[in-house]
Amino acid sequence: MEIFPSFQSLLFTLVSSLTLIICIKWISYYSNTKKNFPPSPRRLPIIGSLHKLGSSPHRSLAALSQNHGPVMLLHLGSVPTIVASSSEAAQEIMKTHDLSFASRPNSTILNILLYGCKDLAFAPNGEYWRQLKSIVATQLLSNAQVKSFQHVRKEEVGDMIGMLGEGCGSSIDLTPLFDSLSEKVMCRVAIGRAYDGLKLTNLLKRYLTMFTRLSVGTYIPWLSWVDRVSGLLDQAEDATKKLDEFLEDVIEEHVNKKRGDGDRNDEGKDFIDILLNAQKDKTNGFSFQRDTIKAVIMDIFGGGIDNTSTNLEWILSELIKNPRVMKKLQNEITEIAQGRSMISEEDLEKMPYLKAVVKENLRLHPPVPLLLPRIATQDAKLMGYDVPSGTQVLVNVWKIGRDSRLWEEPEEFRPERFLTNAINYKGHHFEWLPFGAGRRTCPGILFSVVILELAIANIVYKFDLALPNGVKCEDLDMSDKYGITVHRKFPLLVVATPRV
Ligand code: HEM
């Protein structure tokens with residue numbers, strides 16, 4: 001019996017393997033040259049076009065689209081990525097071919113942060129994601145459920161107004177006030193109480209920052225060891241473990257019905273109660289483990305906290321920078337308030353200009369300017385171009401919101417445009433997509449809009465706001481900074497004076 005193959009058979013195997021590889025390469029090259037791929041900027045070896053993203057990817061990609069058109073193909077490392085920058089392309093992605101683009105790309109770091117993507121935002125499209133979205137949309141974030149947390153918003157907005165009042169006359173940084181408001185509201189509805197002290201704040205900050213860190217392995221898989229050597233994956237594991245331990249305790253408290261002091265939401269069920277009940281419900285054949293509950297709560301913290309405070313910062317920045325709009329808004333609110341001490345959620349329905357202000361701000365400052373990435377799960381066509389399965393897809397809604405073909409004087413903050421157009425939050429208008437659209441649309445729209453409207457209405461009703469040290473309104477710096485959401489680059493410092 002021969003143990004080692006003969007030289008001839010070795011040579012034969014080698015030559016036939018080489019011929020096979022050359023054939024495959026040739027066939028794939030030939031069929032690719034037949035394909036109609038979107039225009040691409042020049043790329044570098046290994047990193048492709050990663051270096052072109054810069055520190056503000058939404059701005060860099062908008063600039064690139066000026067040269068390469070509304071549908072571009074970039075190679076981020078070795079990840080082929082389509083960037084759509086027009087409302088027509090967005091509509092094809094999120095409506096015409098929504099099913100082809102309804103999944104999310106996966107990565108080692110996301111798997112660490114989200115229990116193997118058992119959350120809603122990064123779960124691949126499929127039965128698991130569909131069932132979970134149904135629970136989140138109909139049980140956690142439905143109209144009725146959002147209404148049931150009205151008292152939480154009232155109390156927390158009241159507390160924030162109280163703090164602003166205490167700082168009247170001196171310079172106040174609004175960002176920590178807004179961060180605290182959003183975190184408290186989110187914690188009370190999600191886990192039953194707001195935690196005093198910085199323990200949870202710091203845990204969350206550390207955890208959420210991990211989503212903004214560049215993971216080499218995500219873009220250049222053969223260099224994925226760099227993420228281990230650089231300590232990135234260890235940090236992600238540690239941040240997740242700490243938050244996991246915290247949430248594990250909170251869930252145990254819920255299971256054992258032992259809630260601590262400071263529970264200001266004890267008359268209603270919080271999200272953990274609802275998820276624990278859904279877990280017991282076997283009627284629809286969907287079963288999930290505790291990791292799913294924790295992953296969903298992490299989504300809710302990730303989606304809810306930063307987005308809300310970022311929005312509040314930008315709305316007030318625009319109002320301060322545009323005194324005409326501020327005056328008009330204050331007039332609307334004062335007329336409806338009729339001397340009452342606080343604006344209530346019932347009042348908001350009578351304030352069309354306030355609603356227009358919130359929408360106009362989302363046009364100019366969408367907190368998630370490239371939406372969450374999607375991935376093509378089948379070969380698709382986009383605006384006549386070929387998009388192979390496995391291509392990542394980004395939609396630049398920041399660019400679409402500033403498209404002069406769609407918006408007159410797009411750089412101007414002019415809420416009036418939303419008084420006359422029919423744009424609503426249903427995701428049918430592809431020129432305005434701060435929450436995305438289609439299957440993957442944000443389920444937290446109702447939840448966030450009401451808190452934004454209530455907080456803004458009360459702040460501008462109760463106070464006049466000016467910039468400190470005699471800085472003129474028109475000189476307010478509006479630079480932004482890319483992160484988990486697009487924040488103001490510099491803190492928003494104001495001097496508040498009581499109005500009523
Ligand atoms: C102003 C506030 C908010 C903005 C601008 C925002 C924006 C977005 C965007 C752009 C997406 C991706 C949509 C897409 O890919 O088409 C998204 C998804 C998501 N958002 Fe929000 N969001 C906000 C508030 C919230 C809140 C308050 C929650 C939860 C309480 C939330 C939970 C989620 C979840 C779970 C997803 C993933 C949905 C899926 O993949 O099926 N968001 N959001």
Side-chain angles (χ1 to χ4, degrees), residues 58 84 90-91 93-95 98 101-106 110 114 117-126 128-137 139-142 145-146 149 152-153 178 181-183 185-191 211 270-271 274-275 292 295-315 358-359 361-375 392-398 400-401 425 427 430 432-453 455-456 484-487:
H58 55 300
Q91 176 157 356
I93 292 167
M94 289 183 270
K95 186 174 176 193
D98 190 29
F101 298 112
S103 215
R104 304 278 193 212
N106 191 282
L110 281 177
L114 293 162
C117 292
K118 290 208 184 78
D119 68 319
L120 179 61
F122 290 95
N125 184 26
Y128 176 86
W129 167 80
R130 205 184 59 74
Q131 294 271 11
L132 200 56
K133 185 129 191 182
S134 162
I135 292 176
V136 170
Q139 300 192 37
L140 302 189
L141 296 167
S142 66
Q145 197 59 40
V146 170
F149 293 120
V152 175
R153 291 184 289 270
F178 294 158
L181 169 71
S182 339
E183 187 184 309
V185 170
M186 220 58 251
C187 284
R188 287 182 62 186
V189 305
I191 59 178
F211 286 88
D270 60 46
F271 289 173
I274 298 170
L275 289 167
T292 299
V296 168
I297 297 296
M298 287 174 174
D299 265 5
I300 301 274
F301 285 151
I305 298 177
D306 223 38
N307 272 317
T308 307
S309 57
T310 307
N311 252 295
L312 290 172
E313 267 184 1
W314 283 118
I315 298 173
V358 171
K359 286 181 181 166
N361 180 68
L362 283 162
R363 176 183 72 82
L364 279 176
H365 307 285
V368 193
L370 301 172
L371 304 183
L372 298 183
R374 298 176 176 223
I375 193 164
Q392 177 170 250
V393 178
L394 302 175
V395 182
N396 194 343
V397 298
W398 181 87
I400 297 171
Y425 289 100
F430 292 86
W432 186 78
L433 292 163
F435 296 98
R439 285 176 171 75
R440 282 292 186 161
T441 191
C442 174
I445 302 175
L446 274 177
F447 190 98
S448 32
V449 171
V450 64
I451 178 79
L452 295 178
E453 291 177 352
I456 294 296
I484 190 144
T485 61
V486 176
H487 267 276

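These numbers come from the heavy atoms of this one structure, side chains and all, not from hydrogens, waters or symmetry mates. Note that ligands are numbered from 1 as they come in the structure, with each ligand's atoms numbered from 1 the same way.
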Main chain of Leu372, side chain of Arg104: is a donor-acceptor contact present, judged purely on distance under 3.5 Å?
yes
So do the side chains of Leu362 and Tyr425 get within less than 4.5 Å of each other, counting heavy atoms only?
yes
Any donor-acceptor N or O pair under 3.5 Å, side chains Thr310, Thr485
yes
For Trp129, take its heavy atoms, then give the atoms of ligand 1 lying under 4.0 Å from any of them.
39 (C), 41 (O)
Is there a donor-acceptor pair closer than 3.5 Å between any side-chain N or O of Asp119 and the backbone N or O of Asp299?
no
Can you find a heavy atom in the side chain of Lys118 that is under 4.5 Å from one in the side chain of Leu132?
no
Between Cys187 and Phe301, is any pair of side-chain heavy atoms under 4.5 Å apart?
yes
Among all residues two or more places apart in sequence or in another chain, which pass the salt bridge (charged side-chain N to carboxylate O under 4.0 Å, His left out) test with Asp98?
Arg374, Arg439
Rounded to the nearest 0.5 Å, what's the gap from OG1 on Thr441 to CE on Met94? Could you check?
8.5 Å
Among the heavy atoms of Thr308, does any lie under 4.0 Å from an atom of ligand 1?
no
Provide the number and element of each atom of ligand 1 under 4.0 Å from a heavy atom of Met186.
30 (C)
Sequence-distant partners of Trp398, ring-ring contact (aromatic ring centres under 6.0 Å, His included), two or more places apart:
His58
What protein N/O/S atoms are there under 2.8 Å from atom 21 (Fe) of ligand 1, waters excluded?
Cys442 SG
Please enumerate all residues that pass ring-ring contact (aromatic ring centres under 6.0 Å, His included) together with Phe271, with sequence neighbours excluded.
Phe149
Atom 7 (C) of ligand 1: closest protein heavy atom, distance to 0.1 Å, is Pro434 O, 3.6 Å
What's the shortest distance from atom 15 (O) of ligand 1 to any protein heavy atom, and which residue and atom give it?
Arg104 NH1, 3.0 Å
Looking only at protein heavy atoms, what sits closest to atom 12 (C) of ligand 1 is Leu372 CG, 3.7 Å
Which residue and non-hydrogen atom of the protein lie closest to atom 1 (C) of ligand 1, and at what distance in Å?
Asn311 ND2, 3.1 Å
Pull out every atom of ligand 1 sitting under 4.0 Å from any heavy atom of Pro367, numbered as shown with elements.
5 (C)
For atom 13 (C) of ligand 1, what is the closest protein heavy atom, and at what distance to 0.1 Å?
Arg440 O, 3.2 Å
Phe122-Trp129 aromatic ring centre distance below 6.0 Å
no
Please check if the side chain of Trp314 supplies one atom and the backbone of Pro367 the other of a donor-acceptor pair under 3.5 Å.
no
Nearest option to atom 16 (O) of ligand 1, as decided by whichever heavy atom of Arg374, Lys133, Met94 sits closest:
Arg374
Show the atoms of ligand 1 that are less than 4.0 angstrom away from any heavy atom in Ala437.
16 (O)
Side chain, backbone, both or neither: which part of Leu141 comes within less than 4.0 Å of ligand 1 when only heavy atoms are counted?
side chain
